[in-house]
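A short write-up of the structure that comes next.
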Amino acid sequence: MSWILQNLWLIPALPLLAAGISALLKRPNRSLSAGLAIGALGASFLLSLVAFAATLGKHGAAARQVHNFDWFALGDTVVRLGWVLDPLTAAMVVMITFVGSLIFIFSVGYMSHDENFTRFFCFLSLFAAAMLGLIIANNLLLLFMCWELVGLASYLLIGFWFHKPSAAAAAKKAFITTRIGDVFFFLGIVWLYSETGTLLFYDAGRGCLEQDALAKMVAHSTIGGLAASSAIGLLLFAGAVGKSGQLPLHVWLPDAMEGPTPVSALIHAATMVAAGVFLVARVYPLMEMQQAGVSEPIPLTAVTWIGALTAIFGALVAVSQTDIKRILAYSTVSQLGYMMMGLGIGGVAVGMFHLLTHAFFKALLFLGSGSIIHGCHEEQDIRRMGGIRKYMPVTFATYAIGMMALSGVPLVFCGFWSKDEILHAAWLYQPSKIPFFLGLGGAFLTAFYMTRQMCFVFAGKYRGGHETAHDDHGHSHSHGDAHAHDPHESPAVMTLPLQILAACTVLLTLVSTPLWPWLPEYLVGEAAHWSPGKLFNAGTLTLLVVSGVVVAGGIGLGWWFYGLLPAEKPDEKDPLEQQFPEQFAWSRGKFFFDELYAATFVRWNARLGELCHDLDRRVLDLLVSIVGWATTGCAHIAKLFDEFVVNKLFDAGCTEVRRGAEAASELQGGQIHQYLRSIGVALILFVFILAVGCNK
């Protein structure tokens, strides 16, 4: 067993230790708290590189290493935990620790004026530790424990500025919505354990994802002829739907923007939302089990269609939003849909390939939006920006790279190749071509809304100089002096992470193209080969051309609407709204999912609460009062019985005893003549009795 496998637990343990120490620090220890967080995650990154190196050159089953141990014993039952090191684990921990470290460094500048700076880095470290623990887990129970810690940390960070009602509400919304999926996830865990007797993924042939357990589950039919493997897979996927913001549990994800911008980057790029996609990838052997009489695995069919619908839905909503972070949030919803669709139709390599590339350019975009917000005096409304390219050249250049990667600009950017891999798999999907066209539509809309955002933010002239902005903290900033409040470039501690992420977004292309598809092949433990022919075959070239035309169309249309005549005033009507007012209203209203839930589930829950309150007040309270009255009545009766029966009889008996005692006491008066008189009388009686007896 290798050293890194035995000590893989150190990767999440170091940030957890940093969080524990930071929790004990006082507010003034800002530098120590930030240093602990960044240093611990940096050390985890180095360990992750060692783990990554340990998986290189190994293929197939040899690429997976497992370390299991006994946690505790209860009678004859032994609960075992463990961790697994395979390409999926190694790639994820490297990405999380690397991107997370850059986000931590960026946070030093972004949160420099926050009075709770120390507490913020404590929560960041806890978040990173929970996500890393989730990744290395070789046991579904351990994964679930870390999964819930991720939910807790997200609640703490989204609601970090809890004095803002919107932030407090967003934190509760995220926590409750994800719990809905987690209930089904937990049911799937219980069912899986009842079927297999273990929650270890891999355990020398005895794990729940190994052949014997899978064959048993697929042969066991449940309600409606559904195989146990399919039912459990659907329950586990429900947990992923909640955590990764898929329809219909997506509503928490855009509201999570109420947290500080580094939190948004951490949630949307490296940690929380990636957990659901990773879960599907981790339990993929269970998901792909095909029961008899069904052409496609039922869980993967659900993953495919929900992913495809989420991809187009998120893009449709993003085209009308005006908050710079909310646009990126709905973009994340859409891209997570692509990842799920990739897993459903193309397998682990396709879906996880896009997750890894997306982590870099989406972290770049969110941190870039944080730099823009910082430079624009905490303004988040893109209508009150404009022309900031000349004020913030580094932010503009790096943000443009992230925008092109997300939009799928051909050849140069890794986002194009990972997205194109999903579209290629969708085109080959036999049951239906609808997911392909939904994905193609989402790609067009992504290029359109990102061009719209770039035009609003960077083109034209600055429109925020005389306005009042409201920062993340809820404070107002008067912009009466245009020159005094012109945008400004962010400090180096914020721009350096942007430049590194931008470079990674481009450099990842070297291992992502069909010429040398090293990254997707590595994820499934296969050797990559240099294959120029794969790039130039007719099918690949056709799809490349189609994808390129779609992206060019989206960018061109976005420039036509917003770039040729950039807005002059913040309150100008959106050009798209002028052309399509009804459709724009639906998009800006987010298709009214929140209103639908408020009118149904939320209202029903409120009515149920009122019913329970009425039941408690009118029925249960009455029953309690009746019981109280009956108890009080019994107490009064017992009191009367005690006073007039028990006490009377007891008192009478005591009186008789006292009288007897008084009479007996007279025999011992202490006077000798009375004693002699009594002895004489007794003697006379004794003689009399003897005389009578003798006469007889």
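Residues: numbered from 1 along the sequence shown.
Going from atom CD1 of I96 over to atom OG of S101 covers 11.0 Å, rounded to the nearest 0.5 Å. Between atom CG of residue L496 and atom CG of residue L501 there is a gap of 9.5 Å, rounded to the nearest 0.5 Å. Residue I11 holds its CD1 atom at 11.0 Å from CD1 of I135, rounded to the nearest 0.5 Å. L336 CG to L355 CG: the interatomic distance, rounded to the nearest 0.5 Å, is 7.5 Å. Distance check: W518 CH2 to L508 CG gives 10.0 Å after rounding to the nearest 0.5 Å. Taken to the nearest 0.5 Å, the CZ atom of R463 stands 9.5 Å off from the CE atom of M385.
Of all the heavy atoms in M272 and K243, the pair that sits closest is O-CG, 3.5 Å. The shortest non-hydrogen separation linking V319 to F448 is CG1-CD2, 4.0 Å. Nearest heavy atom pair, residue P487 against residue I388, reads CG-CG2, 3.6 Å. Contact between K419 and S407 at its shortest, heavy atoms only, is NZ-O, 4.3 Å. Taking each heavy atom of T310 and G337 in turn, the nearest pair found is CB-CA, 4.1 Å. Minimum heavy-atom separation, Y462 to R384: CE1-O, 3.8 Å.
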Would L343 and V350 satisfy side chain to side chain contact (heavy atoms under 4.5 Å, CB included), going step by step from the backbone distance to the final call? CA-CA 6 Å; L343 287 171; V350 175; over 6 Å; no
For Q335 and H354: C-alpha separation, side-chain torsions, deciding distance, then whether side-chain hydrogen bond (donor to acceptor under 3.5 Å, both in side chains) applies. CA-CA 8 Å; Q335 296 304 308; H354 192 55; 2.8 Å; yes
Step-by-step side chain to side chain contact (heavy atoms under 4.5 Å, CB included) determination, S125 to L36: CA-CA 9 Å; S125 295; L36 280 172; over 6 Å; no
Where do T178 and W252 land on the side chain to side chain contact (heavy atoms under 4.5 Å, CB included) test, with the steps shown first? CA-CA 8 Å; T178 53; W252 70 270; 3.8 Å; yes
Please lay out, stage by stage, how L149 and L134 fare under the test side chain to side chain contact (heavy atoms under 4.5 Å, CB included). CA-CA 9 Å; L149 279 176; L134 184 155; over 6 Å; no
Passes ring-ring contact (aromatic ring centres under 6.0 Å, His included), Y562 versus Y449? Steps please. CA-CA 10 Å; Y562 300 98; Y449 67 69; over 10 Å; no
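Residues L56 and Y522 are in side-chain contact: their nearest non-hydrogen atoms beyond the backbone lie under 4.5 Å apart. Side chains of I500 and F98 form a contact here, defined as non-hydrogen atoms less than 4.5 Å apart. Counting heavy atoms from C-beta on, the side chains of T398 and T495 never come closer than 4.5 Å. At least one side-chain heavy atom of L253 sits less than 4.5 Å from a side-chain heavy atom of H268. With contacts defined as side-chain heavy-atom distances shorter than 4.5 Å, the pair L85/I136 does not qualify. The shortest distance between side-chain heavy atoms of L406 and S331 falls below 4.5 Å. Taking the side chain as every heavy atom from C-beta outward, S512 and F353 approach each other to under 4.5 Å. Looking at S418 and H358, their side chains never come closer than 4.5 Å, going by heavy atoms from C-beta outward.
No donor-acceptor contact under 3.5 angstrom links the side chains of K26 and T118, judged on distance only. For R282 and T89, the side-chain atoms include at least one donor-acceptor pair closer than 3.5 Å. Side-chain contact check for W161 and D114: at least one donor-acceptor pair (N or O, by modelled atom type) lies under 3.5 Å. For the residue pair Y399/Q453, the side-chain donor-acceptor check at 3.5 Å is satisfied. Remark: the T395 side chain and the S371 side chain contain an N/O donor-acceptor pair separated by less than 3.5 Å. A donor and an acceptor atom, one from each side chain of S166 and E258, are located under 3.5 Å apart.
Partners of R179 by salt bridge (Lys or Arg N to Asp or Glu O under 4.0 Å), not counting sequence neighbours, listed by chain and number: E148, D182.
Using the six-membered ring where Trp is involved, H374 and Y110 have ring planes that are tilted, between 30° and 60° apart. Relative ring orientation between F104 and F121 is described as perpendicular, the plane-to-plane angle rising above 60° on a 0-90° scale split at 30° and 60°. Using cut-offs of 30° and 60° on the angle between ring planes, the pair F144 and F185 is perpendicular.
Residues F123 and F127 keep their aromatic ring centres 6.0 Å or farther apart. Taking the six-membered ring for Trp and the full ring otherwise, F413 and F361 have centroids separated by 6.0 Å or more.
The closest donor-acceptor contact from the side chain of T451 to the backbone of G558 lies at 3.5 Å or more, if one exists at all. A donor-acceptor contact shorter than 3.5 Å is absent between the side chain of T177 and the backbone of A174. One N or O on the side chain of Q246 and one on the backbone of S244 form a donor-acceptor pair closer than 3.5 Å. In this structure a side-chain-to-backbone donor-acceptor pair under 3.5 Å is present from W83 to L5. Between the side chain of D420 and the backbone N or O of F416, no donor-acceptor pair lies under 3.5 Å. The backbone N or O of R119 lies less than 3.5 Å from no partner atom in the side chain of N116, so there is not a single donor-acceptor pair. Formation of a donor-acceptor pair under 3.5 Å by the S33 side chain with backbone atoms of S22 is not found in this model. At distances below 3.5 Å, not a single donor-acceptor pair connects side-chain atoms of T322 with backbone N or O atoms of I382.
Using a 4.0 Å cut-off between charged side-chain N and carboxylate O, K58 and D86 make no salt bridge. D323 has no carboxylate O lying under 4.0 Å from a charged side-chain N of K325, or vice versa, which leaves the two without a salt bridge.
Around atom CH2 of W9, no more than 12 heavy atoms belonging to other residues, nucleotides or ligands sit under 6.0 Å away.
Cation-pi contact between R389 and F458: absent, since separation from the ring centre below 6.0 Å together with deviation from the ring axis within 45° is not met.
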Donor-acceptor contacts under 3.5 Å from residues 12-19 side chains, at least two apart:
none

